[in-house]
Amino acid sequence: MEGVDYLIDERKKAQFDVEAMKVAWAGSRQAFELSDRMAKLVANDPAFEKFTRPMLSRKELFKNTLRKAAHGWKLIVDLRLTEEEAKWLRLYIDEPAYTDLHWGMFIPAIEGQGTEEQKKKWLPLARRMQIIGCYAQTELGHGSNVQGLETTATFDPQADEFVIHSPTLTSSKWWPGGLGKASTHALVYARLIVGGEFHGVHGTLRKLVISLNSAVGKPVSNCIAIELGGSLTSSRHYCGDIGLKFGNGAYNTMDNGVLRFDHVRIPRDQMLMRVAQVTKEGKFRQSDVPRQLLYGTMVYVRQTIVSDASKALSRAVCIATRYSAVRRQFGSRNGGPETQVIDYKTQQSRLFPLLASAYAFRFVGEWLKWLYTDVKQRLEANDFSTLPEAHACTAGLKSLTTTATADGIEECRKLCGGHGYLVSSGLPELFAVYIPACTYEGDNVVLLLQVARFLVKTVSELGYKQPVGTTAYMGRVAALMQNNCTVRTVEDWLNPGAIVEAFEARAARMSVACGRQLAKFENPEEGFAELASDLVEAALAHCQLIVVSKFVEKLQQDIPGKGVKQSLEILCYVYALFLLHKHQGEFLATGYLTPKQAVLANEQLRTLYSKVRPNAIALVDSFNYTDHYLGSILGRYDGNVYPKLYEAAWQDPLNDSDVADGFHQYVQPILKQKLHSAKL
Ligand SMILES: Cc1cc2nc3c(=O)[nH]c(=O)nc-3n(C[C@H](O)[C@H](O)[C@H](O)COP(=O)(O)OP(=O)(O)OC[C@H]3O[C@@H](n4cnc5c(N)ncnc54)[C@H](O)[C@@H]3O)c2cc1C
């Protein structure tokens, strides 16, 4: 029946003010209202329908994405939306598109790496969408190893131009989103060659009308904005889409592209020159702006990825939680209703840590936003001192949150049993769209290795250099190595100080142990390679500490609303104690915890799950997601799952007719035992 709220009893159980929690989740009342307005704008516009998306052919799908992007841009212009509003609008349209790279990578890179003159030239065009840009770094042969990129940008002083060339097949640009079909410009990384010398991979912006029959060059990275328009139709051989990707619909809405240069010429002033310049006379000059400046853009991009992780995980958790309250299996007494699957302890122990993680990632994302502002201000004041730490921290958090989210979405699918496997549950497409986040903007393992390198360096410098920011706890390394956990009772684990110290001690001890192991190797690089798995574990322990401590810090703030802070405290403990339970081997192996203390933590965790249970639905309602954004029959706000699943089945194209195409041709002959005479 339409209009009935099947989850009303669940909503009545809430022990906190849901409206206030919505504000806490959004970050402020203003942020809540803005995001709510944009969500409704999209949800109420039929142009943004997405139910049929997984059934479209690739061409239909892509055209549909282009249409939605155009409609979205029209709204942004007509309604004079602010940049912030436009960002939320694009998010709620919920369809990966070239616009993501244009706004998320192309523009920020020019802002960060272009000179004032270059910004003046390119940014107005980009912001009005008179040009569409993508970010072309990765090549067929190299992604993680940026120094291995092969595309060349060779300076020709006579013509005052760069010659861009792909010397090998493996040097073809491969993967950039928006490159395949939509972009007019690309920010291309290439090896810079001036006067016959290589000058590394630098950020360079070039605008180039590609005549795709031309091109040349040699090694290192430069960002170059290349104008792709016009020539593409006649030279498709050089630029196109790389082909279908994982899942139905999903990321196939994006034209990830391939681009090969054949001595393509672009004017010299199209190299992004904030960090390094090439003069008209052919002189290469590093500016006095440190190369770490490039980290600024990276910090920005990665903080948005962490924020997206909390959105993706909270969506999956919202679907799984609502459906777990609707779904009943076993336990009927005297013909009464069966048990809601959310009441099974196994379901709770799989679902509630993910719910807590969604909140934890939300708050660490909020903190990262602050960190980015801080980094930006410091960069503007030419203070680069905190950049390495900020860089390591964002790299680690990107890795941790995206891995946990990808795994968490899949866990939510399993939590929804068979129906979770239906595309109409929303979970398969969410998973397919989300998982490349573990790979793009830095492979997650490669990123953790970078964090580990930073940690080992921090440990080795402890005697004379004060660790800063998220590594400040290393300054107390002696105490953290010496003092052991003082927890004696189950209740003692409800102490943020005890929890944070446990995570600090584990992280510090693991990093120090890695440092000691490394010291045994004559060649540090050999040692690093040999100990890579242990180093990754130490890096992860450090990153988990960051998330736990930022959650704890959040709770030290004033959070208004009846029961809101208390509910968040419970989630914070769930997040921390779940991790402690999951990684108890490490806590025990480092000697900080005793087996008895680990058991007490697990006992407390069980109690906490019972406290989450009555609030579960209200906690996911607090994400304030519209049914349109969730895109899931199982996660519907009203819980009216079964009739809607049944209806949706009839919308599948296979059900357009009773007899499927091919039935008479290929099934009938089998049934009639006439396969040998059938035309197959
Ligand atoms: C959907 C999607 C969108 C993308 N969009 C863009 C884009 O817009 N622009 C762009 O330029 N690129 C883009 N990329 C490319 C992306 O940035 C790269 O795929 C990513 O950097 C990983 O590099 P790779 O593919 O070379 O992986 P590889 O480095 O080849 O990784 C393969 C395996 O090797 C392991 N490995 C690699 N190096 C090490 C090491 N040193 N130690 C231990 N293990 C290692 C990795 O962990 C992984 O398991 C996109 C990719 C995807 C999937």
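The shown structure was predicted, so the numbers you read here are calculated from the model rather than taken from an experiment. The first residue of the sequence shown is numbered 1, and numbering continues consecutively from there. Indexing begins at 1, ligand by ligand and atom by atom, following the structure's order.
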Below 4.0 angstrom, N of the basic side chain to O of the carboxylate: do [X] and [Y] qualify?
{"X": "Lys63", "Y": "Glu60", "answer": "no"}
{"X": "Arg509", "Y": "Glu537", "answer": "no"}
{"X": "Glu95", "Y": "Arg53", "answer": "yes"}

message = We want to know whether Asn444 and Thr403 form a side-chain donor-acceptor pair, criterion being a heavy-atom distance below 3.5 angstrom.
response = yes

Looking only at protein heavy atoms, which one is nearest to [atom], and what is the separation?
{"atom": "atom 27 (O) of ligand 1", "value": "Ser144 OG, 3.7 Å"}
{"atom": "atom 20 (C) of ligand 1", "value": "Thr439 O, 3.2 Å"}
{"atom": "atom 9 (N) of ligand 1", "value": "Tyr135 O, 2.7 Å"}
{"atom": "atom 43 (C) of ligand 1", "value": "Leu449 CD1, 3.7 Å"}
{"atom": "atom 18 (C) of ligand 1", "value": "Thr138 OG1, 4.0 Å"}
{"atom": "atom 1 (C) of ligand 1", "value": "Pro436 CB, 3.4 Å"}
{"atom": "atom 51 (C) of ligand 1", "value": "Trp175 CD2, 3.6 Å"}
{"atom": "atom 38 (N) of ligand 1", "value": "Val446 CG2, 3.5 Å"}

task = Find out whether the Lys NZ or Arg CZ of Arg315 is both under 6.0 angstrom from the six-membered ring centre of Tyr629 and within 45° of the ring's axis.
result = yes

query = Between Thr65, Leu101, Val433, which is the residue that forms a side chain to side chain contact (heavy atoms under 4.5 Å, CB included) with Met254?
reply = Leu101

query = Is there side-chain contact between Glu139 and Thr151, with at least one heavy-atom pair below 4.5 Å?
reply = yes

ask   = Is the shortest heavy-atom distance from the side chain of Arg274 to the side chain of Gln118 under 4.5 Å?
value = no

Number the atoms of ligand 1 from 1 as they appear, then name those within less than 4.0 Å of a heavy atom of [X], with their elements.
{"X": "Gly177", "value": "7 (C), 8 (O)"}
{"X": "Asp443", "value": "46 (C), 47 (O), 48 (C)"}
{"X": "Gly143", "value": "23 (O), 24 (P), 26 (O)"}
{"X": "Val445", "value": "47 (O)"}
{"X": "Tyr251", "value": "1 (C)"}

remark   = So for Leu101 against ligand 1, with non-hydrogen atoms under 4.0 Å, the contacting part is side chain

inquiry  = Tell me whether Gln277 contacts the main-chain N or O of Met273 through its side chain, where contact means a donor paired with an acceptor under 3.5 Å.
reply    = yes

For [atom], is the nearest protein heavy atom under 4.0 Å away?
{"atom": "atom 30 (O) of ligand 1", "answer": "no"}
{"atom": "atom 7 (C) of ligand 1", "answer": "yes"}
{"atom": "atom 25 (O) of ligand 1", "answer": "no"}
{"atom": "atom 33 (C) of ligand 1", "answer": "no"}
{"atom": "atom 41 (N) of ligand 1", "answer": "no"}
{"atom": "atom 16 (C) of ligand 1", "answer": "yes"}

inquiry  = With respect to Gly442, determine whether any N or O atom, backbone or side chain, lies less than 3.5 Å from an N or O atom of ligand 1.
reply    = no

query = Do ligand 1 and Gln137 have nitrogen or oxygen atoms that lie under 3.5 Å from each other?
reply = yes

query = For atom 3 (C) of ligand 1, which candidate among Asn256, Ile242, Asn145 provides the closest heavy atom?
reply = Asn256

ask   = With under 30° as parallel and over 60° as perpendicular, where do the rings of Trp73 and Trp103 fit, or are they tilted in between?
value = tilted

task = Check the angle between the aromatic planes of Phe106 and His102 and answer parallel, tilted or perpendicular using the 30° and 60° thresholds.
result = parallel

message = Rounded to the nearest 0.5 Å, what separates atom CG in Leu75 from atom CZ in Arg90?
response = 12.0 Å

request  = Quick one: pull up CZ in Arg58 and OG1 in Thr253 and give me the separation to the nearest 0.5 Å.
outcome  = 8.0 Å

key: Sole residue of Tyr440, Tyr189, Tyr98 in ring-ring contact (aromatic ring centres under 6.0 Å, His included) with Tyr135   = Tyr189

